[in-house]
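Please read the structure below before turning to the comments.
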Amino acid sequence: MAFGKGHHLHLIDGSAFIFRAYHALPPLTRKSDGLPVGAVSGFCNMLLRYIDGNDGPDAPTHAAVIFDKGSHTFRNDLYDQYKANRDAMPEDLRPQIPLTRDATRAFNVACEELEGFEADDIIATLSCQAREAGGRVTIISSDKDLMQLVGGGVEMLDAMKNLRIDVEGVEAKFGVGPDRVVDVQALAGDSVDNVPGAPGIGIKTAALLINEYGDLDTLLERAGEIKQPKRRQTLIDHADQIRLSRELVRLDTSMTLPFTLDDLEVRDPDAETLLAFLSEMEFRTLTKRVSDRMGVAAPAVPEPAAPQVEAEVVPFDPDKYEVVRDAAALQVWIDRIVDRGWVAVDTETTGLDDMRADLVGVSLAVEIGRACYIPLRHKAADRDDLFGSDDLAEGQMDFDTCIEMLKPVLEDPSILKIGQNMKYDAKILWRFGINVAPIDDTMLISYAQHAGLHGHGMDTLSERYLDHTPIPIKPLLGSGKSAITFDRVSLDKAAPYAAEDADITLRLWHALKPRLHTAKVTTVYETMERPLVPVLAGMERAGIKVDRQTLSRMSSAFAQKMAGLEAEIHELAGETFNVGSPKQLGEILFDKMGLTGGKKGKTGAYATGADVLEDLATEYDLPARVLDWRQLSKLKSTYTDALQDHINPDTGRVHTSYSIAGAATGRLASTDPNLQNIPIRSEEGRRIRQAFVAEEGKVLLALDYSQIELRILAHIAGIEELKQAFREGQDIHALTASEMFNVPLDEMTPDVRRQAKAINFGVIYGISGFGLARNLRIPRAEAQGFIDRYFERFPGIKDYMADTTAFAKEHGFVQTLFGRKIHTPEISASGPRAGFAKRAAINAPIQGTAADVIRRAMIRMPDAIADLPATMLLQVHDELLFEVDAEAVDTVTQRVREIMENASMPAVNLTVPLTVDAGSGSNWSDAH
DNA sequence: GTACTCACG
DNA sequence: GACGTACGTGAGTACG
């Protein structure tokens with residue numbers, strides 16, 4: 001029902017709330033990182049108190065918090081001194097401003113602001129609209145500038161004094177009715193806003209004059225009749241200034257707003273969203289109060305440690321490293337850890353697969369330069385020095401005792417465990433019953449700050465930030481066939497290496513953690529990197545069941561087909577050669593058969609990529625056969641053969657490993673095996689997904705974001721037509737085609753739509769005429785024409801691209817909507833590299849924001865589905881795959897979809913909906 | 001170890 | 001005006 005009679009709109013003056021909160025509270029900071037949060041805390045308390053007071057019959061049906069945005073408004077154009085005497089915003093308040101928006105959204109209250117407008121004008125316009133619709137309005141503010149709006153169902157409420165201000169209240173304050181308030185203010189001026197008014201005239205005198213003459217215009221016209229000479233002269237001399245003052249204090253009641261009253265309908269807060277925000281802010285009391293009220297378990301608020309400000313330079317010295325061989329020695333270290341509240345941890349194992357490798361030893365560091373290694377399962381050197389002995393080496397601590405002693409420390413919520421790539425160590429330790437928490441991860445701390453600048457492995461970080469080359473592992477393990485595992489490394493070599501790793505990790509933490517805040521990526525790290533570690537660990541541990549039989553049968557079939565093709569190819573070539581060798585193939589095609597095609601510069605080899613062969617295949621059989629052979633070869637070697645080798649013999653499942661800090665954009669990467677590139681596009685390849693199956697009685701459930709990157713682009717670039725199309729659930733590619741080629745939607749042909757689709761994707765990649773031409777296989781000029789027409793139709797996209805590259809040039813990085821920074825060091829390069837960097841800069845905020853969204857969804861997922869018989873198994877960039885009890889599919893789908901579709905909230909309120917498609921089946925192919 | 005090719009979003 | 005170009009990944013194979 002549209003807003004109207006019987007409805008009651010509450011409008012909260014957000015800035016007033018913020019300033020009141022700021023001044024009312026001591027300068028609180030977030031414990032984990034020193035982020036100032038006092039005003040946010042006060043703001044949340046006030047919002048909560050406000051919501052609590054709203055359960056009576058007078059409760060609002062609609063409500064919004066309105067904020068100021070931008071320092072320049074139309075009033076500055078009228079009068080450049082407007083608000084010029086305001087003090088600059090306190091430094092510790094500035095970073096809290098966006099957080100108050102987040103807070104508002106977390107409470108699920110509409111949050112509105114408009115660039116270049118004061119909150120007062122938005123409030124005025126909304127009040128006016130509501131009044132005209134026949135509804136009531138309460139403005140929660142005590143700002144006298146808003147009093148002109150009172151009357152006709154509009155009242156104000158001073159929330160602090162719990163005092164309602166109606167027409168009488170305004171008259172008591174100004175001596176005139178609300179309709180004459182601007183006249184009085186124009187005369188009296190306002191020192192706070194620097195409105196000049198008439199010198200020497202205050203509210204009392206102004207009211208007297210207005211009451212006598214009726215209104216300001218009449219007063220100024222008849223100023224000559226005023227008896228008091230000084231007052232008369234002032235009004236005559238300053239008539240223009242007074243009129244200007246009236247323009248400054250008069251609120252704009254007829255703004256065009258991008259939302260309607262109906263959008264402001266009161267909504268219940270979502271417990272999970274709200275609590276997530278409050279605990280992220282580390283508001284312990286508020287979190288508890290809200291969780292008690294809502295009857296929901298409170299999320300744990302970590303008790304984090306912070307490193308010392310600046311560590312003095314301590315040289316690396318292996319002599320300061322200790323080998324811990326018994327419980328007494330370990331107890332000394334544990335006491336140190338408990339005393340300090342943090343510890344750097346590193347595990348040494350027999351391999352890189354954390355699902356299978358054995359734990360060999362643990363190293364710890366509490367203080368820079370001092371570290372220990374606890375050897376646990378090193379093998380004794382062999383007597384004949386040929387095959388190692390299976391006996392354990394002397395002088396090691398008892399394995400079970402060590403685990404038993406470390407467990408309480410590593411699980412102690414008051415002790416921070418610092419690691420480099422902690423997911424690995426945590427997974428190893430988990431296998432021995434230890435749940436490592438809370439954690440910090442130097443790899444992720446670096447990633448949040450330096451994505452796009454360099455890698456985040458320990459060697460890179462140590463070189464860059466500690467100016468130290470770590471002891472290499474290669475000489476210890478050897479390489480190739482003679483390589484040994486870490487348990488065969490002698491203790492005297494293993495200990496300095498292992499202890500140094502813990503020492504380096506601790507030093508890196510000291511060097512990098514304090515910089516998170518100055519780089520303004522603390523929130524990125526704490527909401528999108530660190531919390532992902534346990535989630536991914538869980539997914540990797542779960543693995544996915546892969547049916548070996550299916551793969552093996554497919555391998556055989558592929559092998560047969562390939563043999564046939566190979567014979568044909570050799571026949572056509574007139575000689576035998578290695579079809580898998582691009583070099584040999586190129587020579588056959590271009591030298592022997594004399595087909596037209598060119599060399600590629602770098603190595604002088606012929607290019608024989610699929611695009612080249614496809615062109616040749618229209619006329620010749622051989623390249624066509626080679627294409628078929630290559631497809632089969634790829635499927636067999638990379639998938640049907642290799643996947644079988646990845647089936648874990650203990651679990652019968654395939655356990656991928658996700659790298660969190662691999663892709664600069666924030667995407668995850670999947671390795672060993674890569675489960676993010678399992679075929680789907682070709683019919684033949686898609687069948688491989690049939691081998692990914694659910695356990696008996698369960699199904700695989702796949703949910704994927706629909707068009708998430710295009711939606712994000714529409715939001716970021718602010719393309720109204722695209723946003724509208726997404727809101728209405730239209731076919732976005734068809735719509736683009738229709739707009740571009742002037743074809744009505746009902747006459748759309750698949751080919752025109754296909755071209756538009758290619759353009760839409762091109763836009764996300766930083767489109768070029770060449771690239772589009774190649775993709776669509778059309779002349780370059782034609783492709784360029786498409787692009788020109790596209791930009792003409794959607795100029796906002798062109799602006800986005802220009803703005804983004806300009807931003808990258810100025811700052812050296814670009815950002816996602818959630819604040820993730822992606823550095824673009826090559827943006828100012830010359831030559832073709834500049835082109836690469838530019839396109840990457842255009843793509844990164846879009847791809848990165850999509851990556852942030854699904855990360856946020858994944859982080860919330862374990863709690864969201866904790867009570868359901870469902871396990872999250874895989875992430876494929878815009879898709880999540882679950883294994884679910886068959887009868888619970890609908891419930892899980894509903895729950896997961898809810899989380900995914902709202903994953904941006906409350907941090908970012910997207911102006912396009914995110915929608916999620918779902919499918920399920922007994923295997924991954926059927927789940928799509 | 002590097003280049004090429006190709007699987008995915 | 002020429003130069004090369006769609007964005008982000010991982011893995012298998014050939015080859016030096």
Side-chain angles (χ1 to χ4, degrees), chain A residues 451-452 479 577-586 600-614 626-627 629-643 645-646 656-659 662-682 684-686 688-689 704-710 713 758-776 780 783-784 787 801 814 822 824 830-848 850-851 854 874-879:
Chain A
S479 64
F577 68 101
N578 185 350
V579 181
S581 163
K583 186 167 171 274
Q584 294 180 33
L585 175 66
K600 269 256 168 105
K602 273 182 204 158
T603 53
Y606 290 112
T608 65
D611 48 345
V612 176
L613 297 190
E614 273 165 33
V626 173
L627 281 169
W629 182 90
R630 278 205 184 149
Q631 192 197 3
L632 296 176
S633 165
K634 176 76 175 180
L635 294 177
K636 181 171 186 293
S637 67
T638 310
Y639 301 106
T640 55
D641 287 351
L643 273 174
D645 299 336
H646 280 288
T656 186
S657 176
Y658 288 101
S659 47
T665 53
R667 273 198 179 177
L668 302 179
S670 160
T671 61
D672 308 303
N674 181 354
L675 294 186
Q676 290 181 321
N677 72 345
I678 302 303
I680 190 168
R681 291 174 189 169
S682 77
E684 193 104 60
R686 180 189 278 252
I688 289 169
R689 292 188 175 224
D704 66 292
Y705 285 107
S706 162
Q707 310 280 11
I708 185 166
E709 292 191 352
L710 269 180
L713 174 68
I759 296 166
N760 277 333
F761 276 106
V763 163
I764 293 171
Y765 298 150
I767 198 159
S768 76
F770 182 92
L772 183 65
R774 199 172 64 173
N775 190 287
L776 285 177
R780 204 178 143 174
Q784 192 55 53
I787 295 170
M801 293 183 165
V814 291
I822 299 113
T824 55
S830 57
R833 288 191 334 188
F836 277 118
K838 195 177 139 191
R839 290 190 297 273
I842 289 167
N843 172 261
I846 304 168
Q847 188 183 116
I854 198 164
L874 300 180
Q875 187 249 43
V876 191
H877 308 309
D878 64 357
E879 169 187 354

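The sequence lines fix the lettering, A, B, ..., with proteins before strands; numbering per chain opens at 1.
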Legend entry - Sugar-phosphate, base or nothing in reach of A844(A), heavy atoms under 4.0 Å: nothing
Inset, instruction - May I ask you to say what L668(A) touches in the nucleic acid, namely base, sugar-phosphate or nothing, with a heavy-atom cut-off under 4.0 Å? - result: nothing
Inset, instruction - Mark yes or no for whether T656(A), through its side chain, and P673(A), through its backbone, hold a donor-acceptor pair below 3.5 Å. - result: yes
Inset, instruction - Report which part of the nucleic acid S633(A) touches: base, sugar-phosphate, or nothing (heavy-atom distance under 4.0 Å, all strands). - result: nothing
Legend entry - Sugar-phosphate, base or nothing in reach of Q584(A), heavy atoms under 4.0 Å: sugar-phosphate
Inset, instruction - Indicate, with a heavy-atom threshold strictly under 4.0 Å, whether G766(A) touches base, sugar-phosphate, or nothing. - result: nothing
Inset, instruction - Could you work out which one of dT9(C), dA7(B), dA14(C) sits closest to the side chain of N578(A)? - result: dA14(C)
Inset, instruction - Pick base, sugar-phosphate or nothing for F761(A), based on heavy-atom distances below 4.0 Å to the nucleic acid. - result: nothing
Inset, instruction - Take the protein atom CG of L643(A) and the nucleotide atom P of dA11(C), then report the distance between them rounded to whole Å. - result: 11 Å
Legend entry - Nucleotide forming a Watson-Crick or wobble pair with dA2(C), both distances under 3.5 Å: none
Inset, instruction - Look at all strands and tell whether N677(A) reaches a base, only sugar-phosphate, or nothing, counting heavy atoms closer than 4.0 Å. - result: base
Inset, instruction - Establish whether the base of dT13(C) is bridged to the side chain of R630(A) by a donor-acceptor pair shorter than 3.5 Å. - result: no
Inset, instruction - Measure from the side chain of Y639(A), starting at C-beta and using heavy atoms only, and say which of dT5(C), dA7(B), dC6(B) lies closest. - result: dA7(B)
Legend entry - Under-4.0 Å salt bridge between E709(A) and R667(A): yes
Inset, instruction - Counting Watson-Crick and G-U wobble pairs only, both distances under 3.5 Å, name the nucleotide matched with dG16(C), or none. - result: none
Legend entry - Donor + acceptor pair across side chains of R774(A), S768(A) (<3.5 Å): no
Legend entry - Heavy-atom donor-acceptor pair, S581(A) side chain to Q584(A) backbone, under 3.5 Å: yes
Legend entry - Nucleotide dA11(C), atom P - distance to CD1 of I688(A) in whole Å: 16 Å
Inset, instruction - Specify the separation, in whole Å, of atom CZ of R780(A) and atom C1' of dG4(C). - result: 8 Å
Legend entry - Sugar-phosphate, base or nothing in reach of E879(A), heavy atoms under 4.0 Å: nothing
Legend entry - Side chain S670(A), main chain L675(A), donor-acceptor under 3.5 Å: yes
Legend entry - Side-chain donor/acceptor contact of R681(A) with base of dG9(B) under 3.5 Å: yes
Legend entry - Nearest-angstrom distance from the residue atom CG of L713(A) to P of dA6(C): 20 Å
Legend entry - Rounded distance (Å) that lies between atom C1' of dC8(B) and atom CD of Q875(A): 12 Å
Inset, instruction - Give one of base, sugar-phosphate or nothing for A783(A), where a contact means two heavy atoms less than 4.0 Å apart. - result: nothing
Inset, instruction - In whole angstrom, give the distance that lies between atom NZ of K636(A) and atom P of dC6(B). - result: 18 Å
Inset, instruction - Would you classify A850(A) as touching base, sugar-phosphate or nothing, given that sugar-phosphate means primed atoms plus P, OP1 and OP2, and contacts are heavy atoms under 4.0 Å? - result: nothing
Inset, instruction - Rounded to the nearest angstrom, tell me the gap between atom CG in L632(A) and atom P in dG12(C). - result: 18 Å
Inset, instruction - Could you check whether I680(A) gets within reach of a base, just the sugar-phosphate, or nothing at all, counting any heavy atom under 4.0 Å? - result: sugar-phosphate
Legend entry - Whole angstrom value for the distance that separates P of dG9(B) from CG of D878(A): 7 Å
Inset, instruction - Have a look at G835(A) and say if it touches a base, only the backbone sugar-phosphate, or nothing, with a 4.0 Å heavy-atom cut-off. - result: nothing
Inset, instruction - Using a 4.0 Å heavy-atom cut-off across all strands, classify D672(A) as base, sugar-phosphate, or nothing. - result: sugar-phosphate
